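Accompanying notes for the structure given below.
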Amino acid sequence: MRLSVFFMPTLKETPAEAQIASHRLMLRAGMVRQSAAGIYSWLPLGWKVLRKIQQIVREEQDAAGAQEVLMPTIQSADIWRESGRYDAYGKEMLRITDRHDREMLYGPTNEELITQLFRDNVKSYRELPKILYHIQWKFRDEVRPRFGVMRGREFLMKDSYSFDVDYEGAKRSYEVMFNAYLKTFKRMGLTAIPMQADPGAIGGNLSHEFHILAETGESGVFYDIAYDELAAKGEIDLDALSRLYAVTDEKHDPNAPNVPPPERLKVARGIEVGHIFYFGTKYSKAMNAVVAGPDGNPLVVEMGSYGIGVSRLVGAIVEAFHDDRGIKWPESVAPFKVGLINLKVGDSACDTVCEDIYRRLSAAGVEILYDDRDERAGVKFADMDLIGLPWQLVAGPKGLAAGVVELKSRHTGEKQELSVESALARLCG
Ligand code: P5A
C-alpha cells in the first residue's frame with residue numbers, strides 16, 4: 001500500500017476526549033473514529049488489525065474443534081423471556097420494536113439464540129459433544145462507555161458455546177477452551193492470567209476471567225508468580241491452576257488460604273480480554289434443550305459459554321505495547337510488517353530503489369506500507385513511529401550513495417545499515 005493514497009487520517013494533536021494511551025494512539029494513528037458514544041468506525045489501519053486478531057482467534061477455535069457459525073445481531077425478545085433474562089437484563093439491553101410491534105433486541109450475548117438453535121436441530125446424545133462459535137458485533141448500552149474500543153457500546157466478541165451430555169464432558173470442553181485461550185493470547189504476544197471469577201449475569205458456578213497485564217489496566221490483579229512458571233510450559237492443567245491464587249483487587253483477601261508469601265505475590269494491573277463460564281443446565285433446562293440419552297430417556301444438555309473481546313483486544317494490545325512516540329505492534333497482529341520510508345521523493349536514486357523494494361516485497365507476500373509522500377523526513381519518521389509497524393526501512397540519498405539502506409526495529413529501536421539485498425532477505429525470512 002502507498003501512503004500517498006492510503007486512507008489513514010493521522011492527528012498531530014492529542015484528542016482531548018481520550019484518557020488512556022490506547023485510545024489516544026488509535027485516534028492519532030487514524031485507526032478508528034467515534035460516530036456516537038461508544039460506537040466506532042474502523043478505518044483501514046484499524047480494520048486490518050481487527051481482522052488479524054479475528055483470524056488468530058478463529059484458527060485457535062478451529063484447532064480446538066469448535067465450529068464457526070454466524071448468528072444474527074438482532075434477536076427476538078421471546079427467547080429471552082423463555083430463559084427468564086429479558087427483564088433481568090435491564091437497561092444495558094438495547095430494545096427495539098419492529099413495524100409489526102414485535103419486541104426485538106440488539107444481542108448483548110447469544111446464550112438464548114444458540115440454545116434455540118441447538119434444541120431445534122440436535123436430537124441425540126450421539127451428536128455430542130459440540131462447540132459452536134461466532135465472531136459477531138454485540139451491543140450493550142453501557143452507562144459509561146469509555147477508553148475507546150476497550151469499553152464500547154457496540155463491540156466485536158468471539159463467543160463460543162459448548163454442549164455436553166454430562167458434567168465430566170462439560171468440564172472437558174471448559175478445559176479445551178481454557179487452553180485455546182492461553183494459546184490465542186500468547187500468539188498475540190500477550191501474557192494472559194486466568195482469574196477465578198464471578199459468573200454474574202451469565203450464571204453458573206465455574207468461571208474464569210483472562211486478564212492481560214498492562215500498566216494502564218483497568219483492574220488491579222494479585223497473583224501467585226507460579227502462574228508465570230506454569231504459563232511458560234504451555235498446556236495448563238486446570239486443577240493445578242485452580243489451586244493457585246489469582247484475583248482482581250476487589251476480591252483480594254490477604255488471609256485467603258492459598259495466598260502466597262509476599263515475595264511470590266505479584267501485584268499488577270490487568271485488562272479483561274476474555275471470560276469463560278460453565279453454567280450446566282441453566283439455559284437448556286429453561287428452554288427445553290434436551291436430547292435422547294443412551295437409554296432413550298430425555299437428557300438435559302450441559303452447557304458453557306466462552307467470550308473473547310475481539311475489538312477490546314486491539315486497545316489492550318496497544319496498552320501493552322507502546323511508548324511515548326506511538327504503538328509497537330507485535331508482528332502477528334501488525335497492520336503491515338514493514339514501513340518503507342523514501343527520504344527524498346523526486347530523487348531518482350531514492351525513487352528507483354524504493355519502487356524496486358516495494359515491488360519485490362509485495363511480490364514476496366510481505367505486507368508493506370510505502371511512504372511515498374512528498375513530506376519532510378521528520379514527519380515521516382514521526383508517523384511511522386506512531387503507527388508502530390514492526391520494521392522500518394529507510395532509504396535516503398546519502399545511504400544509497402554508499403550502497404545501504406537502514407533497517408530499524410520498532411520494538412528494540414535497534415538500527416542497522418544493510419545493502420538492499422540483505423535487507424530484503426531479512427524481511428522475507
Ligand atoms: C461469554 C460468551 C459473555 O458475554 N456470553 C457469551 C459470555 N461474557 S462477558 O464477559 O460479558 O463478555 C465477554 C468479553 O467481551 C468483552 N466485552 C467488551 N468489550 C468491549 N466493550 C464492552 N462494553 C465489552 N463488554 C464485554 C470482554 O473482553 C469480555 O471478557
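Computed from a predicted structure; not experimentally measured. All residue numbers refer to positions in the sequence shown, counting from 1. Indexing begins at 1, ligand by ligand and atom by atom, following the structure's order.
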Practice prompt. For residues Y278 and Y167, establish whether the separation of their ring centroids is below 6.0 Å.
Written response: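 Between Y278 and Y167, the centre distance is under 6.0 Å.
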Margin query: Taking the ring of F210 and the ring of F178, is the distance between their centroids below 6.0 Å?
Written below: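 That pair passes the under 6.0 Å test.
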message = Could you check whether atom NZ of K415 has more than 12 heavy atoms from other residues, nucleotides or ligands sitting under 6.0 Å from it?
response =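 Open: at most 12 neighbouring heavy atoms sit under 6.0 Å from NZ of K415.
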Q | Proximal candidate to atom 16 (C) of ligand 1 [heavy atom criterion; set G38, G309, S311] | A |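 Residue with the shortest heavy-atom distance to the ligand atom: G309.
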Nearest candidate to atom 26 (C) of ligand 1, where distance is taken over non-hydrogen atoms, out of R140, E272, H211, M157 =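 Looking at heavy atoms only, R140 sits closest to atom 26 (C) of ligand 1.
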Considering the heavy atoms of [X], write down every atom of ligand 1 situated less than 4.0 Å from one of them.
X: G274; result: 30 (O)
X: Y306; result: 1 (C), 2 (C)
X: F277; result: 1 (C), 3 (C), 7 (C), 8 (N)
X: V273; result: 28 (O), 30 (O)
X: G307; result: 1 (C), 2 (C)
X: D159; result: 2 (C), 6 (C)
X: H275; result: 1 (C), 10 (O), 30 (O)
X: V149; result: 20 (C)

Next item on the list: Assess Y161 for proximity to ligand 1: is some non-hydrogen atom of it under 4.0 Å away?
Entry: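 Flag set, Y161 near ligand 1.
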* Asked: For E111, is the nearest heavy atom under 4.0 Å from an atom of ligand 1?
  ->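 Contact present.
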- Can you run down the salt bridge (charged side-chain N to carboxylate O under 4.0 Å, His left out) pairs that involve residues 31-56, sequence neighbours left out, and say none if there aren't any?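 Listed once each, the pairs are K48-E367, K52-E367.
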* Evaluate the criterion side-chain hydrogen bond (donor to acceptor under 3.5 Å, both in side chains) for residue pair Q55 and E59; output intermediate values, then yes/no. => CA-CA 6 Å; Q55 190 54 28; E59 283 170 17; 3.2 Å; yes
Q. Which one holds for M150 and ligand 1: side chain close, backbone close, both close, or neither close, with close meaning a heavy atom under 4.0 Å?
A.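 The answer is the backbone of M150.
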ask   = With a 3.5 Å cut-off and no angle check, do the side chains of Y245 and H252 form a donor-acceptor pair?
value =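 The criterion, which ignores hydrogens and geometry beyond distance, is satisfied for H252 and Y245.
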Can you list, pair by pair, the side-chain donor-acceptor contacts under 3.5 Å of residues 22-30, counting residues two or more places apart and other chains?
from : atom 1 : to   : atom 2 : distance (Å)
S22  : OG     : E319 : OE2    : 2.7
H23  : ND1    : G148 : N      : 3.4
H23  : NE2    : Y40  : OH     : 3.4
R24  : NH1    : Q19  : O      : 3.4
R28  : NE     : L11  : O      : 3.1

### Beyond-backbone contact of H211 with M195, side-chain heavy atoms, under 4.5 angstrom
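Yes, their side chains come closer than 4.5 Å.
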Between E142 and ligand 1, does any nitrogen or oxygen pair lie at a separation below 3.5 Å?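 The answer is yes, given that E142 and ligand 1 share an N or O pair closer than 3.5 Å.
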Judged by atom type as modelled, is there a donor-acceptor pair below 3.5 Å linking the side chain of D323 to the main-chain atoms of G326?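 Judged by distance alone, yes, a pair lies under 3.5 Å.
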